[in-house]
Amino acid sequence: MAIFALLLVMIFTALSVRFSSMAVAIKGANYNASNILAAMPIIGIITGSFFGLLNKWTGKGCLYIGIGLLIIANLLVGFSGDNFSMLLIGYVISGIPGSLIFPFIYNSLSLYVSKKRMAFATSLILIGCNLGNFLSPFGMKIAQVVSGTTGLGAPFPVFSIVLVGIGIVFYFQDRVMTKRAAMSETSVK
């Protein structure tokens, strides 16, 4: 979970940092993206207010919805090229997943960690988040090298592939945990 949090914060930071540069590259040197950047927390607040309801309806699906939206956002930003509308839509969508995924992580810690270790696990996730901020420039550079291009949007399709991999890992982990729970329930009876 801490590594997942690290990767998420790294991706969110990369999106925020690169959005301004990409917007200026499309709109010109006089373009000011600060109003859009300032509106992003509002999107997160609105989405976060629906987390409890969405988590109640979808359970672990909330995590997959968040990952799916982040994949879409990365792909839109990564392939936006000179299309400002596509860049903007991708960036606005990127404001939603954090308000779904991070509460889900903290909310579901009790499934993976005993009460005794909860404070330690929470600390590890916070350390992962802080490292994600710190490592974001390095992550973007690595993703850019992997993509083989120096374009501003180059890291984001790579991040999408990483997120698909993470989603698959979580899916199979959920299946294993469900099977274990069913087996332990059967052995108790």
Side-chain angles (χ1 to χ4, degrees), residues 1-23 26-27 31-81 83-109 111 122 125-126 128-133 135-136 139-140 143 152-171 173-174:
M1 289 283 202
I3 293 169
F4 181 46
L6 182 150
L7 290 170
L8 286 173
V9 171
M10 181 175 27
I11 292 169
F12 288 128
T13 303
L15 283 162
S16 292
V17 168
R18 285 285 168 96
F19 172 76
S20 298
S21 301
M22 292 174 77
I26 294 169
K27 290 285 197 176
Y31 184 75
N32 183 356
S34 61
N35 291 335
I36 297 168
L37 294 171
M40 290 306 287
I42 296 168
I43 294 169
I45 291 167
I46 293 168
T47 305
S49 67
F50 292 105
F51 168 76
L53 188 60
L54 187 61
N55 191 40
K56 182 180 175 182
W57 284 345
T58 64
K60 290 180 183 173
C62 194
L63 173 68
Y64 299 114
I65 291 168
I67 291 173
L69 287 171
L70 191 53
I71 290 168
I72 292 167
N74 275 283
L75 290 173
L76 287 170
V77 170
F79 293 119
S80 62
N83 187 334
F84 182 74
S85 297
M86 191 170 167
L87 173 67
L88 183 60
I89 290 167
Y91 187 62
V92 168
I93 290 171
S94 77
I96 299 169
S99 299
L100 299 175
I101 297 172
F102 284 111
F104 181 85
I105 289 172
Y106 288 110
N107 199 36
S108 64
L109 264 180
L111 300 173
T122 303
I125 291 171
L126 289 172
C129 290
N130 289 323
L131 281 173
N133 272 325
L135 295 174
S136 184
M140 283 193 293
L152 289 172
F156 302 108
V158 175
F159 291 153
S160 292
I161 293 167
V162 170
L163 288 166
V164 167
I166 290 169
I168 290 168
V169 167
F170 277 122
Y171 174 76
Q173 181 184 8
D174 287 344

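The analysis underlying the following values was restricted to heavy atoms, covering all of them including side chains, and did not include hydrogens, waters or symmetry mates.
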Salt bridge (charged side-chain N to carboxylate O under 4.0 Å, His left out): which pairs involve [range], sequence neighbours left out?
range: residues 87-99; value: none
range: residues 45-71; value: K60-D174
range: residues 32-48; value: none
range: residues 9-20; value: none

Can you tell me how far the [atom1] atom of [X] sits from the [atom2] atom of [Y], to the nearest 0.5 Å?
X: I101; Y: I105; atom1: CD1; atom2: CD1; answer: 7.0 Å
X: L6; Y: I125; atom1: CG; atom2: CD1; answer: 12.0 Å
X: I71; Y: I93; atom1: CD1; atom2: CD1; answer: 12.5 Å
X: L88; Y: M22; atom1: CG; atom2: CE; answer: 12.0 Å
X: N74; Y: S94; atom1: CG; atom2: OG; answer: 8.0 Å
X: L163; Y: L69; atom1: CG; atom2: CG; answer: 11.5 Å

Output all residues satisfying ring pair (Phe, Tyr, Trp, His ring centres under 6.0 Å) with [X], sequence neighbours left out; order by chain, then residue number.
X: F159; answer: F156
X: F84; answer: Y31
X: F170; answer: F4
X: Y64; answer: none

I need the minimum non-hydrogen distance between [X] and [Y], along with the two atoms involved.
X: G90; Y: L76; result: CA-CB, 3.7 Å
X: F12; Y: G98; result: CZ-N, 3.4 Å
X: F104; Y: G59; result: CE1-O, 3.7 Å
X: S20; Y: L37; result: OG-CD1, 3.2 Å
X: I26; Y: G81; result: CD1-O, 3.4 Å

I'd like to check the side-chain hydrogen bond (donor to acceptor under 3.5 Å, both in side chains) partners of [X]; sequence neighbours left out, ordered by chain and number.
X: N130; answer: none
X: S16; answer: Y91
X: S34; answer: N32

Review point. Does the pair L8 and L70 meet the rule for a side chain to side chain contact (heavy atoms under 4.5 Å, CB included), with working shown?
Key: CA-CA 9 Å; L8 286 173; L70 191 53; 3.6 Å; yes
Exercise for review: With sequence neighbours excluded, tell me which residues meet side-chain contact (heavy atoms from CB on, under 4.5 Å) with S21.
Suggested key: L152
Exercise for review: In sequence, state the C-alpha distance, the side-chain angles, and the governing distance for I96 and F50, and then conclude on side chain to side chain contact (heavy atoms under 4.5 Å, CB included).
Suggested key: CA-CA 11 Å; I96 299 169; F50 292 105; over 6 Å; no
Review point. How about L126: does its CG atom have over 12 heavy atoms from other parts shown lying under 6.0 Å from it?
Key: yes
Review point. So F19 and V77, side chain to side chain contact (heavy atoms under 4.5 Å, CB included) or not? Walk me through it.
Key: CA-CA 8 Å; F19 172 76; V77 170; over 6 Å; no
Check your understanding: Within the side chain of T13, is there an N or O that forms a donor-acceptor pair under 3.5 Å with the backbone of V9?
Key -> yes
Check your understanding: Can you tell me if S136 uses its side chain to pair, donor with acceptor, with the backbone of N133 under 3.5 Å?
Key -> no
Point to revise | Heavy-atom side-chain contact between P157 and F79 under 4.5 Å | key: yes
